[in-house]
Amino acid sequence: MTIRLFNTLTGRIEELSPADGKQFRMYACGPTVYDYGHIGNFRTFLQVDVLRRFLKLEGMTPLHVMNVTDVDDKIIRNAAAAGVPIGEYTPRFEKAFFEDLDVLAVETPEKVARATEHIPSMVALIEKLAAEDCAYRTEDGSWYFRIASFPEYGKLSKKDFSGITDGARVDVDEYDKDSARDFALWKAPKPGEYHWQTELGPGRPGWHIECSAMATEYLGDDFDLHAGGEDLMFPHHENEIAQSESASHKTFARHWFHVRFLLVEGRKMSKSEGNFYTLRDLLLKGYKASAIRMLLISVPYRQQLNFTFDGLAAETGAVERLRTFQQRVREAKTAATENATLAEETARSRKNFCEALANDLNTAEARAAIFDLVRAGNAAMDAGTMGAGNARGILEVLGDFDKIFAVLEDHDAEWTKFALQWAEREGRLSEASAEVVAQNSLTDEQIQALVDERTAAKKSRNFARADAIRNELAEKGIVLEDSKDGVRWKRK
RNA sequence: GCACCGGUGGCGAAGUGGCUAACGCGCUGGUCUGCAAAACCAGUAUUCGCCGGUUCAAUCCCGGCCCGGUGCUCCA
């Protein structure tokens with residue numbers, strides 16, 4: 001199937017295919033590991049995950065490179081405040097970041113590249129730029145990119161820089177608003193600052209050169225797609241293009257994929273608004289990992305997403321419905337004859353699902369296609385008209401759905417427990433909601449023992465005792481489900 | 001200020017120049033149950049921010065206005 005995706009560079013929806021016909025080479029800007037990731041960060045990583053998973057479903061092999069920025073102004077500042085070298089400051093946040101990706105079922109890219117481990121590539125690239133007369137050194141020993149040497153500057157973000165002054169420059173990542181100016185490639189160390197001793201002189205790399213150097217090292221001068229959050233379009237990605245194309249004289253990334261920001265309860269997420277949430281904040285509040293993934297995925301990437309707690313609760317229910325359905329199809333007694341209508345509906349669901357994703361990654365429609373199948377399947381099972389072939393077909397479609405959405409397997413309880421243990425280690429257990437703590441105050445074995453006692457009480461028609469146990473568990477957020485073949489329980 | 005995106009039922013949200021305006025949650029009714037819960041089924045927007053215009057026909061195209069958001073500065 002032809003995959004069509006919006007390309008920021010051309011402003012059009014275009015066909016997506018690997019240049020070499022087989023391996024899809026993509027680069028995605030990763031985290032700056034100076035703090036825990038927030039849900040806005042993860043929306044971007046999740047949408048890139050959906051993209052790479054869909055490429056795989058369509059038979060392509062991704063070669064996906066992601067950087068980890070482990071040296072920049074913020075890291076230097078925070079590490080100094082904590083009184084440790086940056087090399088001791090970043091590992092815990094990098095570790096936390098990858099743990100969070102696991103929680104959200106985000107696949108690990110084929111290659112993860114740390115900035116501090118690629119200094120020589122960056123130095124080589126800057127030397128190349130200097131040879132091309134696109135980079136120059138200043139009195140303090142820093143190196144800058146000469147924007148005036150790259151007439152196409154602004155082609156990604158559609159900005160007009162024709163009036164740019166040659167030689168105007170800024171030396172830090174964070175600076176006061178002025179005009180766009182030459183950006184730093186290499187920053188000379190301030191007194192006492194950590195630095196590398198290189199052919200360029202002592203210093204550390206600028207933020208933009210890192211991605212250019214590492215993308216080129218692993219993917220070559222030109223590759224299929226470059227991804228990131230919408231805010232990175234300018235200046236970060238614009239600068240990457242300027243550096244890379246000035247050095248290689250080739251088109252850097254053919255396709256640019258930008259994920260829109262999310263709002264929280266209708267407002268921009270910010271610490272001052274009090275609506276700033278890390279993944280771990282949400283787990284400690286009792287929201288399930290699968291619901292968070294589902295919510296952040298369900299709104300197409302080019303659309304602003306309004307993240308709300310009502311929405312999160314709704315997605316919990318939606319995931320539950322899908323899981324219950326899968327379980328029911330697996331265990332259903334099938335009819336002797338196949339249901340032609342149901343087979344048709346199953347095929348249509350699968351077709352709609354793929355077509356929706358192929359159409360600029362419309363996850364909302366893809367998801368709707370699966371719920372259509374849930375309804376049709378349940379109705380057929382109610383009527384006792386689902387054949388064994390029907391069941392196989394439905395499970396196959398659910399399997400494909402889950403290759404993208406990855407929410408059917410239930411790891412929620414273990415991730416919640418993981419977050420609680422982390423909070424305990426960090427002395428942050430007080431941030432957990434009372435309900436989450438209560439839910440995890442009993443072990444699975446203790447719960448099962450109570451459930452068994454209730455079943456026995458029911459059998460001897462001691463409903464008072466049975467109801468007392470049910471209430472006791474309910475108070476701890478544990479719900480029971482009576483069915484013909486026994487009792488199931490779960491943490492709500 | 002300049003540039004850009006969006007405003008669809010109680011909430012989240014898809015979509016289309018004319019056909020029943022998806023889907024999830026919620027709500028209401030039903031099936032099931034010792035009673036519940038869970039599960040399942042069914043119903044649930046004559047209407048798509050406001051005002052004009054184009055058109056035989058507009059929620060969808062054009063213009064203006066109002067509201068929310070984003071970029072222009074570190075940010076996913």
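Each chain gets a letter, A, B and so on, in the order the sequences are listed, and its residues count up from 1.
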field: Within 6.0 angstrom of A:K158 NZ, more than 12 heavy atoms from elsewhere
entry: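 Buried by this count: over 12 neighbours within 6.0 Å.
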message: Can you confirm whether A:K155 is buried at NZ, in the sense that more than 12 heavy atoms of other residues, nucleotides or ligands lie under 6.0 Å from that atom?
response: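 For A:K155, atom NZ is crowded (more than 12 foreign heavy atoms under 6.0 Å).
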Indicate the ring-plane relationship of [X] and [Y], choosing parallel, tilted or perpendicular according to the 30° and 60° boundaries.
X: A:F234; Y: A:Y153; value: perpendicular
X: A:F405; Y: A:F353; value: tilted
X: A:H237; Y: A:H258; value: tilted
X: A:F309; Y: A:Y277; value: perpendicular

message: As an exercise, state the distance from CD1 of A:I209 to CZ of A:R204, rounded to the nearest 0.5 Å.
response: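 Here the interatomic distance stands at 14.0 Å.
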Same-atom distance ([atom1]) from [N] to [M], integer angstrom:
N: B:U59; M: B:U46; atom1: P; answer: 14 Å
N: B:U20; M: B:U47; atom1: C1'; answer: 13 Å
N: B:C48; M: B:C32; atom1: C1'; answer: 39 Å
N: B:A13; M: B:G18; atom1: P; answer: 24 Å
N: B:A57; M: B:U16; atom1: C1'; answer: 14 Å
N: B:U8; M: B:C51; atom1: P; answer: 16 Å
N: B:U31; M: B:A76; atom1: C1'; answer: 47 Å
N: B:C62; M: B:A21; atom1: P; answer: 24 Å

Which nucleotide in the set [options] lies at the smallest distance from any side-chain heavy atom of [X]?
X: A:R461; options: B:A76, B:G34, B:U70; result: B:G34
X: A:A368; options: B:C74, B:G15, B:C23; result: B:C23
X: A:P235; options: B:C74, B:A14, B:U70; result: B:C74

Salt bridge or not for [X] and [Y], using N-O below 4.0 Å?
X: A:R52; Y: A:E110; result: yes
X: A:R114; Y: A:E94; result: yes
X: A:D100; Y: A:R280; result: yes
X: A:K490; Y: A:E320; result: yes
X: A:K458; Y: A:D482; result: yes

Given atom [atom1] of [X] and atom [atom2] of [N], what is their separation to the nearest angstrom?
X: A:M381; N: B:U31; atom1: CE; atom2: P; value: 21 Å
X: A:F234; N: B:C75; atom1: CZ; atom2: P; value: 12 Å
X: A:R43; N: B:U70; atom1: CZ; atom2: P; value: 13 Å
X: A:L104; N: B:A76; atom1: CG; atom2: C1'; value: 14 Å
X: A:F257; N: B:A76; atom1: CZ; atom2: C1'; value: 12 Å
X: A:L361; N: B:A14; atom1: CG; atom2: P; value: 13 Å
X: A:L312; N: B:A13; atom1: CG; atom2: P; value: 13 Å
X: A:N362; N: B:A14; atom1: CG; atom2: P; value: 8 Å

field: Footprint string (nucleotides 36-45 of chain B, 5' to 3'): B base within contact, S backbone only, - free, heavy atoms under 4.0 Å
entry: BBSSSSS---
message: Can you work out whether A:A313 or A:R267 has the more 5'-proximal nearest nucleotide on RNA chain B?
response: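 Counting from the 5' end, the first nearest nucleotide belongs to A:A313.
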- prompt: For RNA chain B, whose closest nucleotide is more 5', that of A:A318 or that of A:I39?
  reply: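 Between the two, 5'-proximity favours A:A318.
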- request: Would you check if A:F261 stacks with the base of B:A76, given a 5.5 Å centroid limit and a 30° plane limit, both strict?
  value: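 Yes; centroid distance and tilt both under limits.
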query: So, do A:F371 and B:G24 meet the stacking rule of ring centres under 5.5 Å and planes under 30°?
result: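 Whether judged by distance or by angle, A:F371 falls short somewhere, so it does not stack on the base of B:G24.
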message: A cation-pi test, strictly: NZ or CZ of A:R321 under 6.0 Å from the centre of the six-membered ring of A:F371 and no more than 45 degrees from its axis. Yes or no?
response: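 Checked: cation-pi criterion not met.
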- request: Could you summarise the pairing of RNA chain B as dot-bracket text, marking Watson-Crick and G-U pairs under 3.5 Å with ( ) or [ ] inside the strand and | across strands?
  value: (((((((..(((.....[....)))((((((.......))))))....(((((..]....))))))))))))....
A:N41 vs B:C75: side-chain N/O to OP1/OP2 distance below 4.0 Å: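 No, no such contact exists.
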Under 4.0 Å between any heavy atoms, over every strand shown, what does [X] touch: base, sugar-phosphate, or nothing? Just pick one.
X: A:D372; value: sugar-phosphate
X: A:P31; value: nothing
X: A:H38; value: base
X: A:L262; value: base

Each nucleotide N or O in nucleotides 2-12 of chain B that has a protein N or O under 3.5 Å away: list the pair and distance.
from	atom 1	to	atom 2	distance (Å)
B:C5	O2'	A:R260	NH1	3.1

- prompt: When you check the side-chain N and O atoms of A:Y301 and A:D360, is any donor under 3.5 Å from an acceptor?
  reply: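 Their side chains do contain a donor-acceptor pair, which is all the 3.5 Å distance test asks for.
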